[in-house]
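Worksheet: one structure, shown below.
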Amino acid sequence: MLFKRTHFCGHLDLACQGREVIVNGWIRKIRDFGKFAFVDLWDHTGIAQMVFSLEDGELSGIRQCIVGDSIGVKGKVVERKDKNPNLPTGDIEVNVLSWERYSISEPFPVSENPSEETRLKYRYLDLRTEKMQRNLRFRHEVIKEIRDHLSEKGFIEVETPILSKSTPEGARDYLVPSRLQPGHFYALPQSPQIYKQLLMIGGVDRYFQISRCFRDEDLRANRQPEFTQLDVEMAYADEEDIFSMTEALFKDVVRKVTGKEIPASFPRMTYQEAMSRYGSDKPDTRFGMLISDVTGQCRPEGFGVLEEALGRGDKVKGLVIPEKEPSRKEIDAMTDLAKEKGAGGLMWFKMKEGAIQSPVSKFLKDGGKSITEALGLREGDTAFVVASADSVASKALGAVRLYLRDLYGLVEKVKELHFLWVTDFPMFFYNEDEGRYETEHHPFTMPDPDDMDRYLDKDPEKIRSRSYDLVLNGEEIASGSVRNHIRPLQEKVFQKIGLTSEELQKRFSFFLKALQYGTPPHAGIAPGLDRFIQILLGEESIRDVIAFPKTTNAACLMTESPSEVDQVQLDELRIMVNNKN
RNA sequence: GGAGCUGUAGUUCAGUUUGGUUAGAACGCCUGCCUGUCACGCAGGAGGUCGCGAGUUCGAGUCUCGUCAGCUCCGCCA
């Protein structure tokens, strides 16, 4: 029999005193004293203490229960003799009159501090923890506020297909075989990009969607093979419209879900400045330690390595961490980071008792004076310097800068939210491996028309695109652009990235055709909700804000997917599996 | 594709440096005792392919090689 509950465990308090209540939940803890037992009963609202008299035949059955059993309890709320100030419901307890054991639990395969592997295998039990309950509810609040906000602003949510078509460029697609057309495949969407542009052509005007996106690439702590984006698109809109729409949205949502106030508009930085000063296209602006170019001031005489570098046009760049002296081991770790980014090495200089200390000062005729002065090195500081091609030096120092951030805890997690627009991304970059140009953002981005005229043939990497990223605390949380709504211009872009006219015809004729029917100028953006929620909650991993996440191997430990399928299914799809390699 | 860390009882871990008796602890589980706990307490008990496979050795949880899995990072992720 089901006890129809009158209250949730966490809502019981002194106001219920003397009342007969019914609560349902899971046993969290049993403390058995022989003549009676305390049972901590948990539901999604919290814990309340039940008191079972064990001298009563029916109630003594609680002794057969273990943690995890699902039970219903009818009892009287009474004020406690010994209150527990650590428990929200610690003023009261429930004297049990009758109860029902709904289902029996196996002993829990998880403990209070389970490993990631155990958590993922028994995710449904992990979800019963306070943290996961809080995170799922918080996520719901964020999405609800987004829907409310955009609905009020005249946006409508439109669903787009999951069984979709392979897009050019970008990530590896997840493919779904077609049974009715053997040898043909759907692709799961990497984003609803083309559909939302078609919705603009279709007169929807203001669209959004909480949409699932799929990318078959290697995973990270903040990257899952399927993830959730807030996809937004506006007709007759440009950068400024998207910026102000997004700023208003984030300000409203952040206030409603966290109570925090963020600025009404976010600072902006060009891609070029981000790269040269922060060594990253997603700069963490919560702290300083910017990268300086000291090529001009640097006197390399005597140090062959540096002389040669400057001879071939390399840059000398550096940054200073004030009043810190990293250890030998830490410097080694930073050197490895710099090398990973392509730098030949990492020089360092310390200022102690007015003298420069550095492993390279003995080579330099000026002992490193020109470099440290240019960087403004002061007593007790340490400077890190890289001599490499401009972008390599910046990226290497960008990695060093983040290492120092984490080493010395230079930012307080969660407390501050630093939003930043990064603009003026390049339209194209040259892919050495493939021997062709690719788009930095995606091919549907509007290139700067003047740059296009000027550089398309001679220097395509100089062409700027009308795209932008939104960065929060050093993490990319949204990406968008003004779209290319002019068919001939769109064709030019496709040509530049090496799509032949046959390929174009085969894969995109529908889209190019659609562009011919009075496409409104339009622009959009797509914030990644998993990351945004992760940052607001201060979680280390995106997995902690997703109910059923996958491992770094893109597997689900709970369902054991992916898995083999029956031969019958493969035959139906006319698929033969090649197990070689 | 590459690098690092980890894998021992149901769970979380110690033991691996320096190979050697019967692989330990805590929590959980089982049995019993206990009138006020909230990390209840007390007594007793069960529970192990040391991830898997080779190899070295008289002898491997411990050393070597391979492999699988989890995590973190690089490449990759328009």
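Here is how names work: the chains are called A, B, and so on, in the same order as the sequence lines, proteins then strands, and each is numbered from 1. For the numbers below, each heavy atom of this structure counts, side chains included, while hydrogens, waters and symmetry mates do not.
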Quick one: what's the B/S/- string for nucleotides 28-39 of chain B, heavy-atom cutoff under 4.0 Å, read 5' to 3'?
SSS---BBBBB-
Under a plain distance cut-off of 3.5 Å, with no hydrogens placed, do A:S561 and A:S563 share a side-chain donor-acceptor pair?
no
Mind checking side-chain hydrogen bond (donor to acceptor under 3.5 Å, both in side chains) for A:E440 and listing every partner two or more places apart, or none if nothing turns up?
none
Distance check: side-chain N/O of A:T552 vs OP1/OP2 of B:G70, anything under 4.0 Å?
no
A:K121 side-chain N/O to B:G70 phosphate OP1/OP2 under 4.0 Å:
no
Write out all pairs satisfying salt bridge (charged side-chain N to carboxylate O under 4.0 Å, His left out) with one or both partners inside residues 467-484 of chain A, taking only residues at least two apart or from two chains.
A:E233-A:R483
Does a side-chain N or O of A:N553 approach OP1 or OP2 of B:A69 to a distance below 4.0 Å, or not?
yes
Results of side chain to side chain contact (heavy atoms under 4.5 Å, CB included) for A:S166 - residues two or more places apart only
A:D173, A:A187, A:R507
Rounding to an integer number of angstrom, what distance separates B:C42 and B:G24 when you compare their C1' atoms?
23 Å
Short side-chain N/O contact to B:C27 OP1/OP2 from A:S111, under 4.0 Å
no
N/O (side chain, A:R119) to phosphate O (OP1/OP2, B:C71) under 4.0 Å
no
Applying side chain to side chain contact (heavy atoms under 4.5 Å, CB included) to A:N84 and not counting sequence neighbours gives A:R80, A:N86, A:L87
With sequence neighbours left out, which residue pairs that include part of residues 52-70 of chain A fulfil the salt bridge (charged side-chain N to carboxylate O under 4.0 Å, His left out) condition?
A:D32-A:R63, A:D69-A:R101
Is A:R220 near enough to B:C74 that one of its side-chain N or O atoms lies under 4.0 angstrom from OP1 or OP2?
yes
